[in-house]
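As structure tokens, the structure follows; a few thoughts come after it.
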Amino acid sequence: MAKAIPKIGSRKKVRIGLRRNARFSLRKSARRITKGVIHVQASFNNTIITVTDPQGRVVFWSSAGTCGFKSSRKASPYAGQRTAVDAIRTVGLQRAEVMVKGAGSGRDAALRAIAKSGVRLSCIRDVTPMPHNGCRPPKKRRL
């Protein structure tokens, strides 16, 4: 008996194969740049560090979750430090500006790790959004 010839337009098999490969594939190797901008976003639950070139195009990003921390450990200062070291080591920066946003606990630790890594910092900017008497706060809780 002859085997059935698979249809050329069969999408089902292709989608499953792509999904399986995407799950186990490693991240794409980052571009090497010498000068850039490091964005540190420190929330109360996580620390995200994005490295961009001077034009603002993202070169590499890292977060406490991608470094292997889970749940409440993502908010720790040690997780922020490890995230910063991971991002800088991958890109190989020499000179950078740092823009810090948020009030999380990983903020200062990430900044210290960037300073100790050997990157020359031209400026450190705090770009945390501050309301100029914006939205009305929710009413007080009564227990």
Side-chain angles (χ1 to χ4, degrees), residues 4-143:
I5 300 170
K7 292 182 182 178
I8 294 172
S10 175
R11 293 183 179 172
K12 192 172 185 180
K13 290 180 183 176
V14 174
R15 281 187 184 161
I16 292 170
L18 284 175
R19 208 177 288 145
R20 189 178 299 139
N21 290 341
R23 190 183 307 156
F24 295 114
S25 68
L26 296 172
R27 291 174 72 170
K28 194 168 83 173
S29 61
R31 290 187 353 234
R32 296 293 225 186
I33 59 170
T34 55
K35 187 178 179 185
V37 183
I38 302 170
H39 300 268
V40 179
Q41 183 183 351
S43 68
F44 291 112
N45 297 322
N46 203 352
T47 304
I48 302 170
I49 296 185
T50 310
V51 181
T52 64
D53 59 5
Q55 284 79 35
R57 294 181 296 229
V58 175
V59 177
F60 187 78
W61 66 270
S62 182
S63 71
T66 58
C67 288
F69 295 95
K70 290 188 177 181
S71 67
S72 63
R73 290 187 207 104
K74 291 191 296 186
S76 66
Y78 180 64
Q81 177 186 343
R82 285 278 306 273
T83 306
V85 169
D86 176 50
I88 292 170
R89 194 177 288 161
T90 309
V91 177
L93 280 172
Q94 293 173 356
R95 274 201 252 142
E97 290 181 26
V98 180
M99 294 190 181
V100 184
K101 182 191 279 189
S105 60
R107 165 190 173 122
D108 294 332
L111 205 54
R112 269 189 237 114
I114 292 168
K116 283 185 179 178
S117 67
V119 178
R120 287 181 58 197
L121 301 178
S122 55
C123 73
I124 299 170
R125 251 185 244 153
D126 187 8
V127 291
T128 305
M130 296 292 253
H132 299 285
N133 276 350
C135 299
R136 181 177 177 154
K139 64 180 182 180
K140 266 191 173 176
R141 282 185 66 193
R142 287 182 289 195
L143 296 174

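Smallest separation of non-hydrogen atoms from Lys74 and Phe69: CG-O, 3.4 Å. Residues Arg32 and Gly92 come closest through the heavy atom pair NH1-N, 3.5 Å. In plain terms, the two heavy atoms of Ala79 and Arg73 that are nearest each other are CB-O, 3.4 Å. Here the closest non-hydrogen pair linking Ile49 and Gly80 is CD1-O, 4.2 Å. Between Ala110 and Val40, the shortest heavy-atom distance links the atoms CB-CG1, 4.1 Å. When all heavy atoms of Ala42 and Gly106 are compared, the pair lying nearest together is CB-C, 4.4 Å.
The shortest side-chain heavy-atom distance between Val91 and Ile33 falls under the 4.5 Å cut-off. Side chains of Ile114 and Ile124 form no contact here, defined as non-hydrogen atoms less than 4.5 Å apart.
For Thr128, the side chain to side chain donor-acceptor pair (under 3.5 Å) partners two or more places apart in sequence, or in a different chain, are Asp126. Applying the side chain to side chain contact (heavy atoms under 4.5 Å, CB included) rule to Arg95 yields the partners Lys35, Arg120; only residues at least two apart in sequence or on another chain are considered.
With rounding to the nearest 0.5 Å, the separation of OG1 in Thr83 from CH2 in Trp61 is 10.5 Å. Between atom CD1 of residue Ile38 and atom CD of residue Glu97 there is a gap of 10.0 Å, rounded to the nearest 0.5 Å. One finds the OG atom of Ser105 at 9.5 Å from the CG atom of Asn45 (value rounded to the nearest 0.5 Å). In this structure, CZ in Phe60 is found 10.0 Å from OG1 in Thr50, a value given to the nearest 0.5 Å. Note: Lys116 NZ to Ile88 CD1 = 13.0 Å, rounded to the nearest 0.5 Å. Here Ile48 contributes atom CD1 and His39 contributes atom NE2; the two are 13.0 Å apart, rounded to the nearest 0.5 Å.
Between Ser62 and the options Asp86, Thr47, Val85, Val51, a side-chain contact (heavy atoms from CB on, under 4.5 Å) holds for only Asp86.
In this structure, Arg89 contributes its side chain and Ala84 its backbone to no donor-acceptor pair below 3.5 Å.
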